[in-house]
Novice: 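Just dropping this structure here.
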Amino acid sequence: MSLPPLKPSTILFLLISSTTVVTWPSATAEAKRRAHFHLYMHDIVSGPNQTAWKVVPDANMSSANFGDVIIFDDPLTEGPNLTSGLLGRAQGSYSAASRTEIAFLVTMNMMFVNRKYNGSTLTVTGRNSITSPVRELPVVGGTGVFRMARGYVLWRSHKLGNVEAILELDVHVHV
Ligand SMILES: *[C@@H]1O[C@H](CO)[C@@H](O)[C@H](O)[C@H]1NC(C)=O
Ligand SMILES: *[C@@H]1O[C@H](CO)[C@@H](O)[C@H](O)[C@H]1NC(C)=O
Ligand SMILES: *[C@@H]1O[C@H](CO)[C@@H](O)[C@H](O)[C@H]1NC(C)=O
Ligand SMILES: *[C@@H]1O[C@H](CO)[C@@H](O)[C@H](O)[C@H]1NC(C)=O
């Protein structure tokens with residue numbers, strides 16, 4: 001038993017579909033889907049412009065503030081100065097989740113307000129051990145132009161003060 005010969009219309013269909021497959025996705029399209037943002041986050045824990053509040057005090061069990069829960073709505077700016085361009089806000093919480101060192105579980109949404117990113121968000125959740133010079137936190141998703149995003153944040157302490165912690169974030173995403 002042999003297969004019937006292909007009809008011309010079937011051959012044309014196969015040609016079109018194979019062309020479609022070959023041209024998608026191109027290397028250029030792939031490169032365009034990666035993004036990198038360098039920005040600063042201002043975590044202000046006291047004073048008139050406070051942005052972060054301790055809502056659950058620690059359990060007084062260790063020197064690591066184990067059990068503290070802080071909720072925040074922090075500005076994200078282009079430069080380390082709070083008056084530099086506003087890019088968005090980081091909204092979420094961090095809890096001291098280690099009994100032996102100051103290491104937070106961070107859960108936050110970065111909501112952007114600038115240009116084409118206005119209204120789009122990235123969701124970051126991970127471990128932030130503040131004594132490490134560079135911490136890596138996963139970007140687990142996003143919305144708007146960042147729908148289906150995956151990536152990571154390289155998180156550094158730019159300046160730690162009694163009133164304000166300025167964090168330097170390098171956000172790498174693949175959309
Ligand atoms: C609080 O923010 C206002 C408005 O941005 C600013 O003028 C003021 O200097 C800030 N205060 C402190 C203590 O940073
Ligand atoms: C915290 O622990 C210390 C030492 O164990 C104790 O002296 C202090 O009263 C405790 N504070 C609170 C608020 O429980
Ligand atoms: C931040 O910017 C303001 C206004 O441009 C300036 O007056 C201030 O000195 C700057 N602060 C720092 C720490 O650079
Ligand atoms: C961002 O979107 C909000 C709500 O849609 C709008 O009010 C605002 O003007 C937009 N900002 C920019 C910079 O486009």
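Atoms within each ligand, like the ligands themselves, are counted from 1 in listed order. Heavy atoms only: backbone and side chains are in, while hydrogens, waters and symmetry mates are out.
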Novice: Using a 4.0 Å cut-off on heavy atoms, what residues surround ligand 4? Order them by chain and number.
Specialist: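 Shell around ligand 4 (4.0 Å, heavy atoms): V113, N118.
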
Novice: Step by step, would you call F146 with F37 a ring-ring contact (aromatic ring centres under 6.0 Å, His included)?
Specialist: CA-CA 13 Å; F146 300 121; F37 303 94; 5.8 Å; yes

Novice: Could you give all pairs that pass the side chain to side chain donor-acceptor pair (under 3.5 Å) test and reach residues 133-150, with sequence neighbours left out?
Specialist: T121-T143, N128-R135, R135-S157

Novice: Determine whether I166 and V171 fall in the same hydrophobic cluster, where Ile, Leu, Val, Met, Phe, Trp and Tyr are linked whenever their side-chain heavy atoms lie under 4.5 Å apart.
Specialist: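 No: no chain of side-chain contacts under 4.5 Å links I166 to V171.
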
Novice: For T51 and H42, does a side-chain donor sit closer than 3.5 Å to a side-chain acceptor?
Specialist: no

Novice: Is it the case that the side chains of D43 and Y94 hold a donor-acceptor pair, with the cut-off being a distance below 3.5 Å and no angle test?
Specialist: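 There is such a pair (donor and acceptor under 3.5 Å, judged by atom type) between the side chains of Y94 and D43.
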
Novice: If we ignore angles and hydrogens, is there a donor and acceptor under 3.5 Å between the side chains of D73 and Q91?
Specialist: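 Judged by distance alone, the side chains do pair up.
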
Novice: Considering the heavy atoms of N49, write down every atom of ligand 1 situated less than 4.0 Å from one of them.
Specialist: 1 (C), 2 (O), 3 (C), 8 (C), 10 (C), 11 (N), 12 (C), 14 (O)

Novice: So, H38 versus E78: side-chain donor-acceptor pair below 3.5 Å or not?
Specialist: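 No, no side-chain donor-acceptor contact under 3.5 Å.
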
Novice: Check each atom of ligand 3 against the heavy atoms of T83 and keep those under 4.0 Å away; list them by number with element.
Specialist: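 Those atoms are 1 (C), 2 (O), 3 (C), 4 (C), 5 (O).
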
